[in-house]
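For reference, the structure discussed in these notes is given below.
The sequence lines fix the lettering, A, B, ..., with proteins before strands; numbering per chain opens at 1.
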Number of protein chains: 2
Amino acid sequence: MASFSPATPQVLPRRAREMAPTETRFDRRLAKILAHATNVFCEKGYEGASMRDLSRSSGMSLAGLYYYFESKEKLLYLIQKHTFTTIVERLRERLDQVEDPAERIRVFILNHVEYFLANQKAMKVLSHEDDVLKNGYGSEIAGIKREYYRICMELLEDFKRVRGLQFSGRIAVLSLFGMMNWIYTWYNPRADANAKDLSRQMGDIFLQGICAPGKTRKKRSALAN
Amino acid sequence: MASFSPATPQVLPRRAREMAPTETRFDRRLAKILAHATNVFCEKGYEGASMRDLSRSSGMSLAGLYYYFESKEKLLYLIQKHTFTTIVERLRERLDQVEDPAERIRVFILNHVEYFLANQKAMKVLSHEDDVLKNGYGSEIAGIKREYYRICMELLEDFKRVRGLQFSGRIAVLSLFGMMNWIYTWYNPRADANAKDLSRQMGDIFLQGICAPGKTRKKRSALAN
DNA sequence: CTATTATTAGAACGAACGTTCGAACTATGG
DNA sequence: CCATAGTTCGAACGTTCGTTCTAATAATAG
């Protein structure tokens, strides 16, 4: 009889489930691979990137990669999960230190833009490969996203209450996300403002934008056909 | 000697270059295929969609498709070119009828959002598959995009001049594009506002946002670490 | 040293990819 | 009814895809 079953589906990479008391060599190696994969996914897209591309960029053999994760999809999941979790964590820490509703929205924007620019490639992979994960992986990321959205919506509702404003929170929040998440399509580190300036400018537009009704509207003219 | 050279690369589909005085059966058939392809590209992404998917959705054989276009890439090009050209055309017609700078920006937003919602799938394919076209195809679409950007920037500069405002036109324009182009990630026709209401609300946020300096800022506190 | 476990890679798997070829079919006009 | 051009398709091309098998190598503990 063989020493171990040939039907074993996977050797289950050592410490698959653990609280990570120490960062092992395995973890460090995996993190390296994730970093390389992020670059490749960013440049060629998830579907457009092949496992052979990942192998080349990380300097590890095609088969060797599978010691660290079980599928290409899981790899994307790990990248998105880590990125999204981190940005939410940092947001929570920062929000704890601020009370004024307007300033809390500014903190939200700064946190998002700052992390976005500091981890541009990972954030592009998070934004651009939004609905490619299926089933369990997809719904877990979607859950984090829903939570992130909820936090922003609450900040907005507080702001509305304290200022006595009335507007659609949903459209405001989604417009803000649009402004911020679109950055990856145009941002040029050598020409464009840094995170602090950029988030201040976007914050100006957004906060001023949702405030007063204003009179930028024109007469009801013969425009409408 | 053979009746025609076996080295002929392609049978060149009949009226490859013409001014289209009459809409032929060929044109109509191609348009149908483009419509089906738009749906598939929208749902699975350009890289994720296979020619066999397109064959299935359009009800035509795999080989039969190649009578109408020469490659998958050309197909994406045709979709993007037509979509982008049309939206710019309509914008020009509408802008000719309006003079007030603020109202012209509103026209820009309305035109974009209206077309976006009326052709949601095509616009997602245009926005989401932004940099997958290579070489000639890619640079032609990029040219239209640059022109579209330039038009919006001019509208903004006129607005700034007439109101005596000072802000970064680039960031404002790109924030506006972000708001609008992000729509495809969240819009739900059954729950969300129609094009006119949505563009009015985004117009309110944007125009109000770029106007006054406002006093939504807070004291310079101990926030900055 | 030896035994054991952790890690890596060569070679191959079947499936799916974009594309092409040649033969068929259909429509049209003489 | 034949000739010609327009249109469609089954079958196959060579390539690349994600993944796996198996064995070899490095690291570590006794």
Side-chain angles (χ1 to χ4, degrees), chain A residues 2-16 18 22-33 36-37 40-41 44-77 132-134 137, chain B residues 2-16 18 22-33 36-37 40-41 44-77 132-134 137:
Chain A
S3 57
F4 59 88
S5 163
T8 300
Q10 175 103 4
V11 77
L12 96 81
R14 199 146 62 107
R15 47 196 301 284
E18 240 181 90
T22 61
E23 188 184 63
T24 66
R25 175 181 141 90
F26 181 91
D27 298 321
R28 266 177 278 118
R29 212 80 180 71
L30 174 57
K32 281 272 186 206
I33 294 173
H36 284 293
V40 178
F41 285 160
K44 318 185 79 167
Y46 172 75
E47 305 273 9
S50 72
M51 291 299 297
R52 283 156 184 88
D53 290 329
L54 303 181
S55 160
R56 204 172 309 114
S57 88
S58 64
M60 177 171 288
S61 77
L62 190 52
L65 291 173
Y66 281 87
Y67 178 71
Y68 290 94
F69 49 89
E70 54 224 79
S71 69
K72 189 187 174 192
E73 191 182 17
K74 173 102 180 199
L75 190 57
L76 177 60
Y77 161 79
V132 329
L133 289 178
K134 304 295 176 198
Y137 293 152
Chain B
S3 55
F4 59 88
S5 163
T8 301
Q10 174 105 6
V11 76
L12 87 89
R14 199 147 62 110
R15 47 195 302 284
E18 240 181 270
T22 61
E23 187 184 65
T24 66
R25 175 181 143 89
F26 181 90
D27 297 321
R28 265 176 280 118
R29 212 82 179 70
L30 174 57
K32 280 271 186 204
I33 294 174
H36 284 294
V40 178
F41 284 162
K44 319 185 78 165
Y46 172 76
E47 305 272 9
S50 72
M51 290 299 296
R52 283 154 183 88
D53 291 329
L54 303 181
S55 161
R56 203 173 310 115
S57 89
S58 64
M60 177 171 287
S61 76
L62 191 53
L65 291 173
Y66 281 88
Y67 179 70
Y68 290 95
F69 49 89
E70 54 223 80
S71 70
K72 189 187 174 191
E73 191 182 17
K74 173 101 180 200
L75 191 57
L76 176 60
Y77 162 78
V132 329
L133 289 178
K134 303 296 174 197
Y137 293 152

Indicate whether OP1 or OP2 belonging to dT16(D) is found under 4.0 Å from a side-chain N or O atom of S50(A).
no
Sorted by position of nearest nucleotide on DNA chain D, 5' first, the leading residue of A63(A) and G48(A) is G48(A)
Step by step, work out the ring-ring contact (aromatic ring centres under 6.0 Å, His included) result for F69(B) and Y77(B).
CA-CA 11 Å; F69(B) 49 89; Y77(B) 162 78; over 10 Å; no
Can you measure L65(A) atom CG to dA6(C) atom C1' for me and round it to whole angstrom units?
16 Å
Report the distance from atom CZ of R56(B) to atom P of dG18(C), rounded to the nearest whole Å.
11 Å
Between dG18(C) and R52(B), counting only base atoms on the nucleotide and side-chain atoms on the residue, is there a donor-acceptor pair under 3.5 Å?
yes
With Y46(A), the side chain to side chain contact (heavy atoms under 4.5 Å, CB included) member among V132(A), L75(A), V40(A):
V132(A)
From the list dT19(C), dT7(D), dG18(D), which nucleotide is the closest neighbour of the side chain of L62(B)?
dT19(C)
Is there a side chain to side chain contact (heavy atoms under 4.5 Å, CB included) between H36(B) and L54(B) once you walk through the steps?
CA-CA 7 Å; H36(B) 284 294; L54(B) 303 181; over 6 Å; no
Let me know the distance between CG of L75(B) and C1' of dC17(C), rounded to the nearest Å.
16 Å
Got Y68(B) and K32(B) here, is their nearest side-chain heavy-atom distance under 4.5 Å?
no
Starting from C1' on dG18(C), measure out to CD on E70(B) and report it in whole angstrom.
14 Å
Considering all heavy atoms, the nearest S55(B)-M60(B) contact:
OG-O, 2.6 Å
Between C1' of dA27(D) and OH of Y67(A), the distance in whole Å:
11 Å
Measuring from the side chain of R25(B) (C-beta onward, heavy atoms only), which nucleotide among dG18(C), dT8(D), dC17(D) has the closest atom?
dT8(D)
E73(A) CD to dC17(D) P: how many Å, rounded?
18 Å
Nearest to the side chain of K72(B), heavy atoms from C-beta on, is which of dT8(D), dG18(C), dT8(C)?
dG18(C)
From CE of M51(A) across to P of dA9(C) the rounded distance in Å is 13 Å
Distance check needed: dT7(C) P versus K32(A) NZ, whole Å only.
17 Å
